[in-house]
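For reference, the structure discussed in these notes is given below.
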Amino acid sequence: MVSKNLGTMLPKMKTAAPGPKSKKVCKQLEKYESPSSSFIKAGKIPVIWREGKGANIEDVDGNVYVDLTSGFCVAGIGHCNPKVVEAIQKQAGILLHSQGILNPNEPRAELVKKIAEITPKGLNKTILVNTGAEAVELAMKTARVYNQRSTVMAFQGGFHGKTYGALAVTARRQYRAAFEPIGLPRVHAPYPYCYRCPFDKEASTCCNFCAKYLENLLDNDSSGVSDISAIILELIQGHDGWIVPPKEFVKKLREICTKRKILLIADEIITGFGRTGEWFASNYFGIVPDIMIVAKGIAGGFPISAVIGKNEIMDAWGPAMHSSTFLGNPVGTAACLAAIKEIESQKYVEVSRKKGAEIKKLLYKLQEKHPIIGDVRGVGMMMGVELVKDRITKVPATKETAEIVKMMQSQGVIVNQGGTSGNVLKMSPPFVITPAQIKVAFQILDDCISKVTKKK
Ligand SMILES: Cc1ncc(COP(=O)(O)O)c(C=O)c1O
């Protein structure tokens, strides 16, 4: 039974989190599902979600949470957005599947046209696939088909998914170790994580050192780097802690690529569809990538992703050279169309900019109060709060971060723990979150930080 007002409710806990029903479901998962698919084997019992609406999640024990994550930036337009659900239900009753490359469908044709309209000027042709990692692989294949070079440059701290090809450019050792050597030729360059500068410089005086370093890698004949087809990056690094690079870096990167005829691939899987207070992070940084990858927020929860590129690049593909059974699935494309319409009609891009700025103010206030908050960063409605044991040494407060996330969950607020050292509170609330929900959720955050830091 859906709780009355689910969507705009404040946190309401009936049991501990996870409660007895969550634990029961976990037992079944533990028995029949591979440990690869959850943290259960690591001893972390998850809460089992049952219903989602607006900014609320209700679990199987009847506990109601305010979700400050939009479920990994997917449900910006709210969980189970009614317009998207309606479009899915309607399309499912008409045509559930059409044969990927053989028999396209009408919503697919409508969607690729719409994507060309909303993405930065010049990105006009799309390939639709199913997941983020699949789209990442497809973007890299596209670059190779276009310029026939072999190597992809990525960034330290970058996350691009965990299928084999995507893993090649994902940086985290923890995910890569069991699969090395990973076939695809790639190089990882330092990313401008200015709070923890890889070159130990100050952001205000470094003069774009990361870009200079990159130029040296590309131009120095003895750098060990050659045959670069594309540079792929998250314009704002999500997995490693909502790291926002300086605009000058991104602009310079655009120039670096253009000058050397290297394709710039923007992985906007997290940053797309209003999350940054612009349609895309590319708009925020004022660049047009050669290829853009989107997923997550594109359909409010339906698994679908897209690779969008400039005409001459996308046209390098031969007929049906890339296929997938569910490519351009009619239900997924209908969901995307409804989600995009919602973002437009409800002006969620502006909402994200405004609400994001308000939330950032709250976070800066908390930073004044709590010495454990080393850095507050983010754009639009993606905010990262990096916790440190000491503001001078910046030693990551990883254990405290985990405790705060757990304590917040027990009080009905969902935030994610992330960052290179697991010391970043990652927040990306749904655009539909209400002022009352914001107020209470951030009071709970304040309270949890106080409790965890006093305990020490
Ligand atoms: C920036 C980025 N790229 C790629 C991916 C992989 O997407 P998926 O999990 O849908 O394969 C993710 C997922 O979190 C992501 O954040």
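All ligand and atom numbering here is 1-based and tracks the order in the structure.
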Donor-acceptor pair, side chain of Gln437 and main chain of Ile433, under 3.5 angstrom: no

At under 4.0 Å between heavy atoms, which part of Lys296 makes contact with ligand 1: side chain, backbone, both or neither? side chain

Close side-chain approach of Leu425 and Thr401, heavy atoms under 4.5 Å: yes

For Phe72 and ligand 1, answer yes if some heavy atom of the residue is under 4.0 Å from a ligand atom, otherwise no. no

Cationic N near anionic O, under 4.0 Å, Glu248 to Lys251: no

Per-atom filter on ligand 1: closer than 4.0 angstrom to a heavy atom of Ile270 are 16 (O)

Checking Asn147 against Ser229: is there a side-chain donor and acceptor pair closer than 3.5 Å? yes

Glu234 neighbourhood, listing ligand 1 atoms whose heavy-atom distance to it stays under 4.0 Å: 1 (C)

Between Glu134 and ligand 1, is there a nitrogen or oxygen pair with a distance under 3.5 Å? no

What are the atoms of ligand 1, with element, lying closer than 4.0 Å to any heavy atom of His160? 3 (N), 4 (C), 5 (C)

Which of the ligand 1 atoms, numbered from 1, are nearer than 4.0 Å to a heavy atom of Gly161: 4 (C), 5 (C), 6 (C)

Which atoms from ligand 1 have a heavy atom of Ala133 less than 4.0 Å away? 6 (C), 7 (O), 8 (P), 11 (O)

